[in-house]
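See structure below.
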Protein chains: 2
Amino acid sequence: MEKKNAVVLLSGGVDSSTVLAFAKSQGYELYALTFDYNQKHKRELDSAKMVSYTLGVKKHLVIKFDLREIGGSALTSEMEVPKTSSFILHPSSFIPATYVPARNTIFLSFGLAWAEVLEAENIFIGANAVDYSGYPDCRPEYLKAFEAMANLATKISVEGRFRFKINAPLIYMKKSDIIKTGMALGLDYSLTWSCYDPQPLTPPSPPLLKGGKGGVIPCGRCDSCVFRAMAFQEAGVKDPLLR
Amino acid sequence: MEKKNAVVLLSGGVDSSTVLAFAKSQGYELYALTFDYNQKHKRELDSAKMVSYTLGVKKHLVIKFDLREIGGSALTSEMEVPKTSSFILHPSSFIPATYVPARNTIFLSFGLAWAEVLEAENIFIGANAVDYSGYPDCRPEYLKAFEAMANLATKISVEGRFRFKINAPLIYMKKSDIIKTGMALGLDYSLTWSCYDPQPLTPPSPPLLKGGKGGVIPCGRCDSCVFRAMAFQEAGVKDPLLR
């Protein structure tokens, strides 16, 4: 039987890479979609490429546009990436400076366009609402509203050929369970990248990071580094990126 | 009193240019947003620039990305732009080959991002559902669903500072009434561009089209040219672009 196509949003971080491995385990033909939005942490694009290659995706598409023209986030403007994790400052109900206005909406919109062309009923996203992130566009009610809108927006759904589904298999998982899931699926987390604000690499270079854009290492202090460290610690696993 | 900001999606065609003039008449500070998505009819970008300039927008932002990488439309792939208007072939309930998968969803998503940064409660779009277009993402039920999603997606709405509104003031207007509205507002339609499949310009050049990208003239036969011609005829006005 022919495999069904799925579009998977892939940043190259822990969550989206785990989702890609999960979608593969469900037997989908994988179409990975990554965005070069002129983010400060472009290093994640290399990770997306490596993870895509390793998991044997059918096609990896990188769509390029410049969200610095819009700004409004520490990831896309002169605003500094906070170096005391906002998780520590405000353990709940605070939207951090790394929030990028409408980012998941933009990403899912391109995902929807590609899914319609590929006749892929299923779109996967690594959104997670349990451990702290604070991003409004990672919540289940948001994803449900996007799905409803998507099925009114597109030719294929209006013609009744199928309904698009936005799948967020990690949405209710603890970060440490995400790591355990990925490891059970054989995912190599040394290929992934999380840091929002990479630092220039000083020799001797950690071999795994060689060849990354600009030669950079994780800062170890931004939200994303802190969550990653907590997740690996809770899972009782050493982060292979930092080996 | 300080003017309120509004984001207006502007292709440079008749509908979106009329909406820009309408939003100006309502007293908004205008932020016009145009997309260079590698469409075949890039000539519309020049029109968007001219219309923006003439209407005194505060900022005109052109976001660039390549929808040909996704394809699926006669406007963004090798597929030919139909030269017998699909309106004539199928006067209703047919989605034409010029449909671009999820285009308005992508456009509105960037509009939402910019609106959040500008603290602009109102986003304007030239969608029209009365005269034939057949695009699912021009229908009121779609726009309503986008608005609901937008208000779950964004920091500013989740924090309760305001609700985004997607305004489509032309949605129930006849094309000829759109023209009449724009003319009453003093809009110069010679600056606008509609043709999906421009033809290379052969001398003598119509002076109004000089300086356009590549030097092109409207084909006169695609859907968009046919609707434009019908609209001007019904309105009892000569199309100043064709003077």
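This is a predicted model, so every value here is computed, not measured. Below, all heavy atoms of this structure are taken into account, side chains as well, without hydrogens, waters or symmetry copies. A note on names: the letters A, B, ... follow the listed sequences, proteins ahead of strands, and every chain is numbered from 1.
- The part of B:E159 that comes within reach of chain A is its side chain, from C-beta onward, which places non-hydrogen atoms under 4.5 angstrom from that chain.
- Annotation: maximal heavy-atom pairing with chain B below 4.5 Å, among A:G71, A:A145, A:A150, occurs at A:A145.
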Requested in this report: With salt bridge (Lys or Arg N to Asp or Glu O under 4.0 Å) as the test, would you mind laying out the steps for A:R221 and A:D197 before giving the verdict?
Outcome: CA-CA 9 Å; A:R221 292 163 64 209; A:D197 197 20; over 6 Å; no

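- Only the side chain of A:L67 comes within less than 4.5 Å of a heavy atom of chain B; its backbone N, CA, C and O stay farther away.
- Cation-pi geometry between B:R103 and B:F35 is not satisfied (NZ or CZ under 6.0 Å from the ring centre, within 45° of the ring normal).
- Contact count against chain B (heavy-atom pairs under 4.5 Å) is highest for A:S109 among A:G72, A:S109, A:A102.
- Interface residue A:L61: only side-chain heavy atoms are found under 4.5 Å from chain B.
- The only member of A:E44, A:M50, A:R228 that meets side chain to side chain contact (heavy atoms under 4.5 Å, CB included) when paired with A:T192 is A:R228.
- Ring pair B:Y135/B:Y99 is tilted by interplanar angle, where 30° to 60° counts as tilted.
- There is no side-chain donor-acceptor pair under 3.5 Å between B:S194 and B:S224.
- Residue contact with chain B, scored on non-hydrogen atoms closer than 4.5 Å, is absent for A:V7.
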Query raised in the report: Does the pair B:R161 and B:S157 meet the rule for a side-chain hydrogen bond (donor to acceptor under 3.5 Å, both in side chains), with working shown?
Result: CA-CA 6 Å; B:R161 292 169 58 199; B:S157 57; over 6 Å; no

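- Ranked by heavy-atom pairs under 4.5 Å with chain A, the list B:I106, B:L108, B:N151, B:I156 is led by B:I106.
- By the 30° and 60° cut-offs, the orientation of the rings of B:Y31 relative to B:W114 is perpendicular.
- Counting heavy-atom pairs under 4.5 Å between each of B:V100, B:D137, B:T105, B:L33 and chain A puts B:T105 at the top.
- For a residue to count as touching a neighbouring chain, one of its non-hydrogen atoms must lie under 4.5 Å from one of that chain's; by this rule A:K64 touches chain B with the backbone only.
- Only the side chain of A:E116 comes within contact range of chain B, with heavy atoms under 4.5 Å apart.
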